[in-house]
Amino acid sequence: ISSIKKKREKLYSLIKDKEASFFNVEVRESTTELSLYELFQKMIAQERRNLKEIGEIALTYQTDLHFQRQLKTPSKG
């Protein structure tokens, strides 16, 4: 996650002072042409999906640990 944060900060610092016309530049992704704005939108959406997946994995791991602790704890009664 820290790697994602560092890359996001670096990208932000590169584009923060650019004029609006900069984002109308077309770039080619495979066979599709996108404006930089559209490309950034896609990158942000992908990052959000990745972070959601990481969160789900972390939650599953935490739930599994809790379940394992419950199994190891002697039952009272």
Side-chain angles (χ1 to χ4, degrees):
I1 293 178
S2 64
S3 174
I4 292 171
K5 181 181 174 188
K6 287 177 186 176
K7 288 177 183 177
R8 184 188 311 132
E9 288 171 352
K10 185 173 182 174
L11 178 60
Y12 175 75
S13 69
L14 289 171
I15 65 172
K16 70 179 178 178
D17 296 326
K18 301 291 183 194
E19 295 185 22
S21 60
F22 172 80
F23 298 96
N24 294 326
V25 172
E26 297 282 324
V27 293
R28 185 175 290 274
E29 179 188 48
S30 301
T31 59
T32 308
E33 287 190 13
L34 303 168
S35 70
L36 284 178
Y37 180 76
E38 292 168 322
L39 179 63
F40 290 150
Q41 282 183 317
K42 287 180 74 170
M43 288 170 57
I44 290 166
Q46 181 63 47
E47 181 183 77
R48 287 180 178 159
R49 285 190 296 273
N50 291 348
L51 291 173
K52 181 180 178 186
E53 185 177 338
I54 289 168
E56 289 170 354
I57 291 168
L59 183 60
T60 300
Y61 177 75
Q62 187 178 33
T63 302
D64 286 349
L65 284 178
H66 179 71
F67 181 70
Q68 288 175 12
R69 274 188 246 124
Q70 285 180 331
L71 289 175
K72 290 180 181 178
T73 303
S75 61
K76 296 177 182 176

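Within 6.0 Å of CD in Gln62 there are 12 or fewer heavy atoms belonging to other residues, nucleotides or ligands. By the neighbour-count criterion of 12 heavy atoms within 6.0 Å, atom CZ of Phe22 is densely surrounded, having more than that number from other residues, nucleotides or ligands.
In this structure, Leu65 belongs to a hydrophobic cluster whose other members, linked by side-chain heavy atoms under 4.5 Å apart, are Tyr61. The other residues sharing a hydrophobic cluster with Phe67 are Leu71, where clustering joins ILVMFWY side chains under 4.5 Å apart.
Note: Glu33 CD to Glu38 CD = 10.5 Å, rounded to the nearest 0.5 Å. Taking CG of Leu39 as the reference point, atom CD of Glu26 lies at 11.0 Å (rounded to 0.5 Å).
Identified under the side chain to side chain donor-acceptor pair (under 3.5 Å) test for residues 7-22, with sequence neighbours left out: Arg8-Glu47. Applying the salt bridge (charged side-chain N to carboxylate O under 4.0 Å, His left out) test to every pair with at least one member in residues 49-67, sequence neighbours left out, gives no pairs at all.
Cluster annotation: Leu34 is connected to Ile15 through the hydrophobic network of ILVMFWY side chains, with a link wherever side-chain heavy atoms come within less than 4.5 Å.
Scanning for side-chain contact (heavy atoms from CB on, under 4.5 Å) contacts around Val25 gives Leu36, with sequence neighbours left out. Partners of Arg48 by side chain to side chain donor-acceptor pair (under 3.5 Å), not counting sequence neighbours: none found.
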Q. Do Arg69 and His66 pass the side-chain contact (heavy atoms from CB on, under 4.5 Å) test, and can you show the C-alpha distance, the side-chain angles, and the key distance before you say yes or no?
A. CA-CA 5 Å; Arg69 274 188 246 124; His66 179 71; 4.1 Å; yes

